[in-house]
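This report refers to the structure that appears directly beneath it.
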There are 2 protein chains.
Amino acid sequence: MAYVTIRDVALRSGTSISTVSRALNNSGRISPATKAAIEQAARELGYIPDSRAKAMRSTKTSLVALLVPDIRNPYFADLAYAIQDTLFDAGYCTSIGTSSENGEKQDAYITSMLSQHVDGAIIVPRGGATPAMRAIVEKNVPMVFVDRHVSDMHEVPVVDSDPAPGLSQALNDLHDRGFTRVGYISGPILDSPTFQEREAAFRTIAGTLFREDGIFVESTSFGHVSCASVMRKMRSWGVQAVIFGYSQDAIQAISLMGSRGFVIGKDISLISFDDLEMFTLTTPRISVISQQVQKIGSLGAKLLLDRVEKRGRAESQRVKTLYIPRESVAAAL
Amino acid sequence: MAYVTIRDVALRSGTSISTVSRALNNSGRISPATKAAIEQAARELGYIPDSRAKAMRSTKTSLVALLVPDIRNPYFADLAYAIQDTLFDAGYCTSIGTSSENGEKQDAYITSMLSQHVDGAIIVPRGGATPAMRAIVEKNVPMVFVDRHVSDMHEVPVVDSDPAPGLSQALNDLHDRGFTRVGYISGPILDSPTFQEREAAFRTIAGTLFREDGIFVESTSFGHVSCASVMRKMRSWGVQAVIFGYSQDAIQAISLMGSRGFVIGKDISLISFDDLEMFTLTTPRISVISQQVQKIGSLGAKLLLDRVEKRGRAESQRVKTLYIPRESVAAAL
DNA sequence: CTGAAAGCGCTTACAG
DNA sequence: CTGAAAGCGCTTACAG
């Protein structure tokens, strides 16, 4: 059984190709009788229209490309799920690609999607603008950035979270509990306006609540070693509570502390960005600053749909971060 | 800047469409001079071949569909990553779809992939055979099942894990530590040969090590309530160590126990299937039976490639499960 | 209401 | 070595 084509359906229903097309797409007038006959023939044959051929004529693929750095990161998995869900309900298929925080692969994927003439692209950019990303813009393919943005592509709308509200709530909580020495670990800050902004927001807000000499900021790159040494530094400075701008760092830190007998919420208090399920499984459960990833995802998808379907001028949006206190933050010693 | 077509490249290089096609695909003889000119023209114009048009002629899309129940489940995220990685290196693009353990969505996705004439499909099936899955087989599109299988589709090869080795190691460990009352919680066993097999393997192996009246088996469906009540039952029966066949259940149980002050590794010992990162963050860390998901993924991908590229008759494969003991299993009280 | 024809962007025999 | 032509499976004016 090879693929059934529109021709087979026409033959079987004793009509022509054009009539079948019109009947199955509800376009133009057709007599109810022929329409019914055609639908039955299509059903009997198990006809599945070739979307490639369809798309070539109508320049509409109902396909959207989604690019995330790493699908194994639960934050991105949640994001991808929310986006795919929203898009699916609107009749679009989402193709999820992974760039592995790797520029080359990122561009290979984008190019491949472009060659399939996707109707739009949702991208969590990694690093700066790339050739393939510029190609998307040049070809006028609708695109939105989600979660992060790229500093030199201002024409692309972005849906991300505003770190200030959650950080403010978190820092106020620490302040209220009597902490005087707070630290911030900012993750892979290089090239990332998002992580830069988080750090800046921390500095600003902490500056209004704590003394200058009670505020400590460090950054990690990827990798275990660095995270361990940063934690050591924080400890040696007598930092009482530390906020992680990058949840993957927090995960490493928790694992490290567990293996060294450090007790979170006692030896040191801890807060991380991203409301991940695993942060509720640890003992104690980890306080988080939620980016409301679900909201970011659905907003991003809707924004793209607005562009694809050309309703209004959709603009960038920010979702408020939200502090969720749990037992990893205790009173100051 | 609309899309650049092969026609534009021909015009710019002063050649014909057919020559451009041959030059860019390295097929047939072309003089080095014209080839160079064409390549330059293509580069200057930023030509990206239309893969839809390409595929229509050559019946090769270099596209593979991957269907997983829920990408937010870290086990499937790992699986998807491994598969996508292997396929990417072989020159294939993977489109990841999520069925949300929902038959309708599963079929909608498959049909959509079929309409794009993917070169193959890798599926983690949910429930039994569906109409769309049968359509794949009928149309002779290469397909493999991964992680789970469907009882009534024997023609489809499957790569999954053999539960026996890991279970055997785990149960021997429990036995050696002096446990006499062991429990097994089997997850959503309905319609799932995989979960059924795990339970059967547990019964068989436990039967050789423990007394009949020291073996307890229960199953959960999805949802919190059920998991809590099952745990209660296990406790009331005096079960000393429990093995979870479904890691999502274990996650719930850990969370429940944490909120009730139960201490894992002391009040009860615990082992779960699936070597998830989060199981190393808990205190104590959770002993697991690893399915070696990475291996399953890459084997599954390779098996599909063998079918797609018609090398030999690729057959089903099993990966051995592996027991990784950690602190969630203590000595018997 | 329905059919024949053109054309979307490619590839692939077929001539030259 | 290179070009003109047919055709992949559709949709969409255009006639009838």
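Numbered from 1 within each chain, the chains take letters A, B, ... in sequence-line order.
Straight-line distance from the NZ atom of B:Lys54 to the P atom of D:dG9: 19 Å, rounded to whole Å. Going from atom CZ of A:Arg7 over to atom P of D:dC10 covers 11 Å, rounded to whole Å. When the P atom of D:dT11 is taken as reference, atom CG of A:Asn26 falls 12 Å away, rounded to whole Å. With rounding to whole Å, B:Ile38 atom CD1 is found 12 Å from C:dT11 atom P. Distance CZ (B:Arg52) to C1' (C:dG7): 13 Å, rounded to an integer number of Å. Distance CD1 (B:Ile6) to C1' (C:dT12): 12 Å, rounded to an integer number of Å. We find that CZ of A:Arg57 is positioned 16 Å from P of C:dA5, with the value rounded to whole Å. Whole-Å rounding puts the A:Ile17 CD1 to D:dG7 C1' distance at 12 Å.
Base pairing of C:dA4: no nucleotide in any strand meets the Watson-Crick or G-U wobble criterion (both distances under 3.5 Å). Across every strand in view, D:dA13 sits unpaired, with no contact that passes the Watson-Crick or G-U test at under 3.5 angstrom.
The shortest distance between side-chain heavy atoms of B:Glu44 and B:Gln40 falls below 4.5 Å.
The listed nucleotides are C:dT11, C:dA13, D:dT12; the one nearest the side chain of B:Arg22 is C:dA13. For A:Ala53, the side-chain atoms get nearest to D:dG9 when compared with the rest of D:dT2, D:dC14, D:dG9. In the set D:dT2, D:dC8, C:dT11, D:dC8 carries the atom at the smallest distance from any side-chain atom of B:Met56.
The number of heavy atoms from other shown groups lying within 6.0 Å of CZ (B:Arg134) is above 12.
When heavy atoms are screened at a 4.0 angstrom cut-off, A:Ser31 is found touching the sugar-phosphate backbone but no base atom. Residue contacts shown for B:Thr34 are limited to sugar-phosphate atoms, with no base heavy atom under 4.0 Å away.
At D:dT11, one or more side-chain N or O atoms of A:Ser21 fall inside 4.0 Å of OP1 or OP2 (strictly under the cut-off). Remark: A:Tyr3 is not in phosphate contact with D:dC10, judged by side-chain N or O atoms under 4.0 Å from OP1 or OP2. Distances shorter than 4.0 Å separate none of the side-chain N or O atoms of B:Ser58 from OP1 or OP2 on C:dT11. Between D:dG3 and B:Ser16, a contact under 4.0 Å exists linking OP1 or OP2 to a side-chain N or O. Using a 4.0 Å cut-off, no side-chain N or O of B:Ser18 falls inside it from OP1 or OP2 of D:dG3.
Considering B:Gln317, B:Lys295, B:Gln292, B:Gln291 in turn, B:Gln291 is the only one that fulfils the side chain to side chain donor-acceptor pair (under 3.5 Å) rule with B:Ser161.
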**Request:** Test side chain to side chain contact (heavy atoms under 4.5 Å, CB included) on B:Gln84 and B:Leu66 and set out the steps.
**Result:** CA-CA 9 Å; B:Gln84 184 160 250; B:Leu66 167 62; 5.9 Å; no
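Side chain of B:Ser316 to backbone of B:Val158: a donor-acceptor contact under 3.5 angstrom is found.
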